[in-house]
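Comments concern the structure below.
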Amino acid sequence: MPPRKSPPTEVLLDVLEALPPGQRLWVRGAGRSLYPLLRGGDSVRVLRCGPGAMSRGDVALVRQGRQLVAHVVVSTEPWATASLVGGMDPPGGVTLGRVVAVRRGQWVLPLPRPFRPAMWMTQQALSAAWARPESRVVYRHVRDFFFSGWSRPLRRRLVGPLDVRLLRTDDLDALLAFAGEQLVVSPGFLRRQLRERWGLPEPDRRGAAAGAFDAQGRLHGFAWVDSYRQEALPLDGFWVRSLVVAPRARRMGVATRLLGCLMAEARRQGEERLYADIDDDNTASLRTFGGMGFRPSSPELTWRTNLAWDAAGRTKALVVMERELPP
Ligand SMILES: CC(C)(COP(=O)(O)OP(=O)(O)OC[C@H]1O[C@@H](n2cnc3c(N)ncnc32)[C@H](O)[C@@H]1OP(=O)(O)O)[C@@H](O)C(=O)NCCC(=O)NCCS
């Protein structure tokens, strides 16, 4: 049986790189890199070998910086890998081995070598389709249709009841699995914040993270509040960050409950207001915050927030909203 849990990515990388050629290991942490074949929280079985032992259509486990990705080999000379849906990888990754199976929950899908031509052709077809802007628009419409109100009763039954509460340090595994699937925040940052700030018991807790957990302890929604000074941004007060609900659990009031939980905790920590910065074209988020009583902040704070983010390299215009926290 494959292991249920994997060590953190840093440890895994060291273990993998020390593994002799020909050995196999189950690895979790390649995120959504082979989406939709591989989703956050899935594991891959990797056979340790170099690029010389691989051919077009194999799936290679590649280290890009401190990140692991499982991508299709699209050419061996020159060596090139690419995601299943999307573009080619930048050069410079280190090939750690060949993926021989994928595991999701109880299911193990072997990737035998005769599968290679099919994998290569699928990658080529999907990438070509994805490169056309109209395909992406159609994809977004289809996705929005499936995750809108009409499918809510079905999704509610699939997801089951959700418990919305503050995260503790022992929620790290669930948080990293959700982050791999839904967030662009680095696992190292989340791990540090949870251990050193959000997950501490009262009265040591600083900032806070909230999650929506199902009966199996899986996260379906997440958000945190903390000071931007943590990230060296010159903005005072507590800000709502990374509010994300998995598509399967949207329009069920999860974001509303997460915000309610975080507002109560921010108030308990002595904050009198809570702030949020939202992409100006993010209707779902603007409405969610509006529904929770957040109102547009002053033009001065909006300008300062945009300036701070511009300096940090972000280009999208942000709407700033705030609300007073009831005593
Ligand atoms: C924004 C987001 C967090 C909302 O999560 P959610 O759990 O679906 O929100 P809720 O169910 O609590 O919705 C609250 C209200 O917001 C509004 N709303 C939420 N999603 C909406 C959508 N897609 N379109 C229009 N209104 C929407 C509705 O008024 C809704 O109330 P209703 O369902 O009773 O009509 C979710 O869509 C998401 O994760 N989006 C991607 C990540 C993101 O943009 N995060 C925000 C970063 S600032």
Side-chain angles (χ1 to χ4, degrees), residues 31-32 35 39-40 136-137 139-165 167 174-175 177-185 189-190 207-214 218-226 228 231 233 235 237-264 266 273-297 301-302 305-306 308-309 312 314-323:
R32 298 155 53 89
Y35 188 84
R39 296 197 310 215
R136 297 186 202 194
V137 172
Y139 167 77
R140 278 192 202 110
H141 283 314
V142 171
R143 186 195 59 189
D144 290 350
F145 179 68
F146 275 101
F147 293 122
S148 58
W150 75 269
S151 63
R152 187 165 28 202
L154 178 66
R155 290 188 287 116
R156 230 186 252 284
R157 285 188 60 179
L158 284 174
V159 171
L162 293 175
D163 177 26
V164 172
R165 60 164 174 81
L167 262 62
L175 174 58
F178 182 79
E181 210 180 304
Q182 305 287 347
L183 302 178
V184 282
V185 186
F189 175 80
L190 293 173
F213 291 87
D214 67 15
R218 244 173 34 118
L219 266 180
H220 295 264
F222 169 75
W224 49 283
V225 288
D226 212 330
Y228 262 138
E231 293 152 84
L233 243 73
L235 296 167
F238 266 23
W239 293 70
V240 181
R241 311 291 309 282
S242 300
L243 172 65
V244 176
V245 174
R248 57 187 172 268
R250 285 190 191 159
R251 300 304 291 268
M252 298 184 195
V254 173
T256 304
R257 291 170 64 198
L258 289 168
L259 286 176
C261 176
L262 291 171
M263 279 162 50
R273 303 192 86 73
L274 197 54
Y275 300 88
D277 45 4
I278 304 152
D279 287 346
D280 66 349
D281 58 356
N282 191 340
T283 313
S285 189
L286 290 167
R287 286 197 189 160
T288 303
F289 279 98
M292 287 301 283
F294 281 72
R295 297 290 170 254
S297 298
L301 179 59
T302 305
T305 308
N306 277 282
W309 274 115
R314 207 189 141 104
T315 48
K316 269 194 124 172
L318 293 167
V319 173
V320 178
M321 296 180 92
E322 63 184 71
R323 76 152 283 176

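Both counts, for ligands and for their atoms, begin at 1 and track the order of listing.
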Residue, atom name and distance, where the atom is the protein heavy atom closest to atom 39 (O) of ligand 1: V245 N, 2.8 Å
Please state whether the rings of Y228 and W309 are parallel, tilted or perpendicular, taking 30° and 60° as the class boundaries. perpendicular
Suppose we measure from atom 23 (N) of ligand 1 to each protein heavy atom; which comes out shortest, and what is that distance? A284 CB, 3.5 Å
Heavy-atom contact under 4.0 Å between G253 and ligand 1? yes
Any protein heavy atom under 4.0 Å from atom 35 (O) of ligand 1? yes
If I apply the N/O under 3.5 Å rule, does T256 come out as touching ligand 1? yes
Should D214 and H220 count as side-chain neighbours, where that means a heavy-atom distance under 4.5 Å? yes
Can L318 and D279 be said to form a side-chain contact (heavy atoms from CB on, under 4.5 Å), step by step? CA-CA 5 Å; L318 293 167; D279 287 346; 3.4 Å; yes
Passes side-chain contact (heavy atoms from CB on, under 4.5 Å), M252 versus V245? Steps please. CA-CA 10 Å; M252 298 184 195; V245 174; over 6 Å; no
Look only at interatomic distance and state if F289 has a nitrogen or oxygen under 3.5 Å from any nitrogen or oxygen of ligand 1. no
Residue, atom and distance of the protein heavy atom nearest atom 4 (C) of ligand 1 read T288 OG1, 3.6 Å
Other residues, nucleotides, ligands: >12 heavy atoms within 6.0 Å of R287 CZ: no
For atom 21 (C) of ligand 1, which of M252, R287, R251, R152 has the closest heavy atom? R251
Contact check, side chains of V225 and W239, non-hydrogen atoms, under 4.5 Å: no
Identity and separation of the nearest protein heavy atom to atom 48 (S) of ligand 1: S285 OG, 3.3 Å
Run the side-chain contact (heavy atoms from CB on, under 4.5 Å) test on F178 and L190 for me, step by step, so that the C-alpha distance in whole Å, both residues' side-chain angles and the decisive distance to 0.1 Å come before the verdict. CA-CA 11 Å; F178 182 79; L190 293 173; over 6 Å; no
With heavy atoms and a 4.0 Å threshold, my read on which part of R257 contacts ligand 1 is neither
Which residue supplies the protein heavy atom nearest to atom 45 (N) of ligand 1, what is that atom called, and how far is it? L243 O, 2.6 Å
Check: N282 N/O within less than 3.5 Å of ligand 1 N/O: yes
Just to confirm my output: which protein heavy-atom neighbour is closest to atom 37 (O) of ligand 1, and how far is it? R250 CD, 3.5 Å
For D277 and ligand 1, does the shortest N/O to N/O distance drop below 3.5 Å? no
Whether F289 and F294 hold their rings parallel, tilted or perpendicular, with breakpoints at 30° and 60°: perpendicular
Have a look at V320 and tell me which of L235, I278, T302 forms a side chain to side chain contact (heavy atoms under 4.5 Å, CB included) with it. T302
Ignoring angles and geometry beyond distance, decide whether A249 reaches within less than 3.5 Å of ligand 1 through its nitrogen or oxygen atoms. no
Considering heavy atoms of the protein only, find what lies nearest to atom 6 (P) of ligand 1 and give residue, atom and distance to 0.1 Å. A255 CB, 3.7 Å
Apply the test side-chain contact (heavy atoms from CB on, under 4.5 Å) to residues E322 and L301: give CA-CA distance (whole Å), side-chain angles for both, the deciding distance (0.1 Å), then the verdict. CA-CA 10 Å; E322 63 184 71; L301 179 59; 3.8 Å; yes
Between L274 and F238, is any pair of side-chain heavy atoms under 4.5 Å apart? yes
Is the shortest distance from a heavy atom of V244 to ligand 1 less than 4.0 Å? yes
Any N/O pair I278/ligand 1 closer than 3.5 Å: no
